[in-house]
Amino acid sequence: MAVSVSQVATWKQRQGASPLVVLTAWDVMSGQIADQAGADIVLVGDSLAMVALGYDTTLPLTLEDMLICAKASRRGVQRALLVVDLPFLSYQPSLEETIRSAGRILKESAAQAVKIEGGHAAVVERVQALVQWGIPVMGHVGLTPQSVNQFGGFRKQGKTEAEADRILAEAQDLEQAGAFSLVLEHIPADLARKISNTLTIPTIGIGAGPHCTGQVLVTADVLGLSPWQPPFAKAYANLRQQAIDAAQQFCDEVRSGQYPG
Ligand code: KIV
């Protein structure tokens, strides 16, 4: 049976529920892989700007780019809940722009929810408005890659007491505003545990230790397809080298006349 927003929102209240599993997608093939592997949520994350489009950060990704990738991913996902990131500058300018961008994502890609980065007052206001208009929202605090320039790199967040208090307060505000789940990225495990114990909605960790309700990784990292991966990611295969070897064998066989034979 397909996974719904309300099932995810109440994940922590379900007796004996297993950890929530989230994988990312950027096209039909990665969507099929994540869905058929059994992920509960497939996230078309804006990490696709780096993974699939070759940018150094997520900032250049446009809403139009995202819609193409979200529609392709949708064609590969049957069972999992499909969540799509709001790209940089598709929600910052105004509340109206936020609703239009999120609405287009749901309308054009048939995703069930959007994800938005940050937890300061302006983001919380946007989450509240989206939820009021029937658009479910996944929050995202800690290392929010769209703020990489502010952070001075993809650095762990919440290491000082003041930062940790701020992130905890943001998490509470986002839950209060109606977010149905919350990504905690690259923060200390103790802080992730505190947030997870405080909130009713599920937390989904990435580089945030073992105490979250669930875990998310970028599928390209899981498959070992990425040329570089963050320190907290785990590769379960080395498909990049296998793919290069297979393609190289084809090149060699064509040049030697072995293929097509
Ligand atoms: O963009 C993304 O893939 C994400 C996940 C890593 C949480 O935001």
Side-chain angles (χ1 to χ4, degrees), residues 8 19-27 30-31 33-35 39-63 65-70 72-73 77 80-91 101-102 105 109 111 113-119 123 127 137-148 151 154-158 167 170-171 174 179-187 192 195-196 201-209 212-223 225-226 228-235:
V8 172
L20 195 48
V21 185
V22 185
L23 281 169
T24 69
W26 52 90
D27 64 5
S30 53
I33 289 168
D35 194 53
D40 301 301
I41 299 177
V42 173
L43 169 67
V44 187
D46 62 359
S47 57
L48 73 85
M50 301 166 78
V51 166
L53 303 183
Y55 293 118
D56 290 336
T57 72
T58 58
L59 300 183
L61 192 77
T62 65
L63 181 61
D65 295 334
M66 183 50 111
L67 283 166
I68 291 170
C69 295
S73 301
V77 176
L81 184 77
L82 191 73
V83 180
V84 175
D85 250 333
L86 279 164
F88 182 67
L89 222 58
S90 71
Y91 61 93
S101 299
I105 287 173
S109 76
V114 297
K115 177 164 82 58
I116 190 166
E117 288 190 11
V123 174
V127 171
V137 184
M138 175 183 280
H140 183 161
V141 297
L143 170 56
T144 45
Q146 291 176 14
S147 302
V148 62
F151 296 148
F154 295 103
R155 296 175 200 284
K156 192 176 211 169
Q157 300 297 305
I167 294 170
E170 289 177 351
L174 287 165
F180 73 93
S181 57
L182 182 67
V183 170
L184 305 178
E185 181 163 352
H186 212 10
I187 58 171
I195 295 173
S196 302
I201 56 170
T203 56
I204 301 162
I206 174 162
C212 302
T213 318
Q215 297 290 327
V216 54
L217 279 179
V218 171
T219 298
D221 294 341
V222 169
L223 301 180
L225 277 173
S226 317
W228 166 92
Q229 20 195 67
F232 48 76
K234 179 172 175 185

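All of these numbers come straight from a predicted model, not from anything done at the bench. Both ligands and their constituent atoms are indexed starting at 1 by order of listing.
Checked against the 6.0 Å centroid criterion, the rings of Phe154 and His186 do not qualify as a close aromatic pair.
Within the 4.5 Å cutoff, the side chain of Thr58 has no heavy atoms near those of the Phe88 side chain. Between Leu184 and Cys212 the shortest side-chain heavy-atom distance falls below 4.5 Å.
Residues Glu117 and Gln146 approach most closely at OE1-N, 2.8 Å, considering heavy atoms.
Interatomic distance, Ile195 CD1 to Thr203 OG1, rounded to the nearest 0.5 Å: 8.0 Å.
Exactly one residue among Ile116, Val127, Ile201 makes a side chain to side chain contact (heavy atoms under 4.5 Å, CB included) with Leu174. That residue is Val127.
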Check ligand 1 for N or O atoms under 3.5 Å from a protein N or O and list each pair with its distance.
| from | atom 1 | to | atom 2 | distance (Å) |
| --- | --- | --- | --- | --- |
| ligand 1 | 1 (O) | Asp46 | N | 3.1 |
| ligand 1 | 1 (O) | Asp46 | OD1 | 3.2 |
| ligand 1 | 1 (O) | Ser47 | N | 2.9 |
| ligand 1 | 1 (O) | Ser47 | OG | 3.4 |
| ligand 1 | 1 (O) | Asp85 | OD2 | 3.3 |
| ligand 1 | 3 (O) | Ser47 | OG | 2.6 |
| ligand 1 | 8 (O) | Lys115 | NZ | 2.9 |

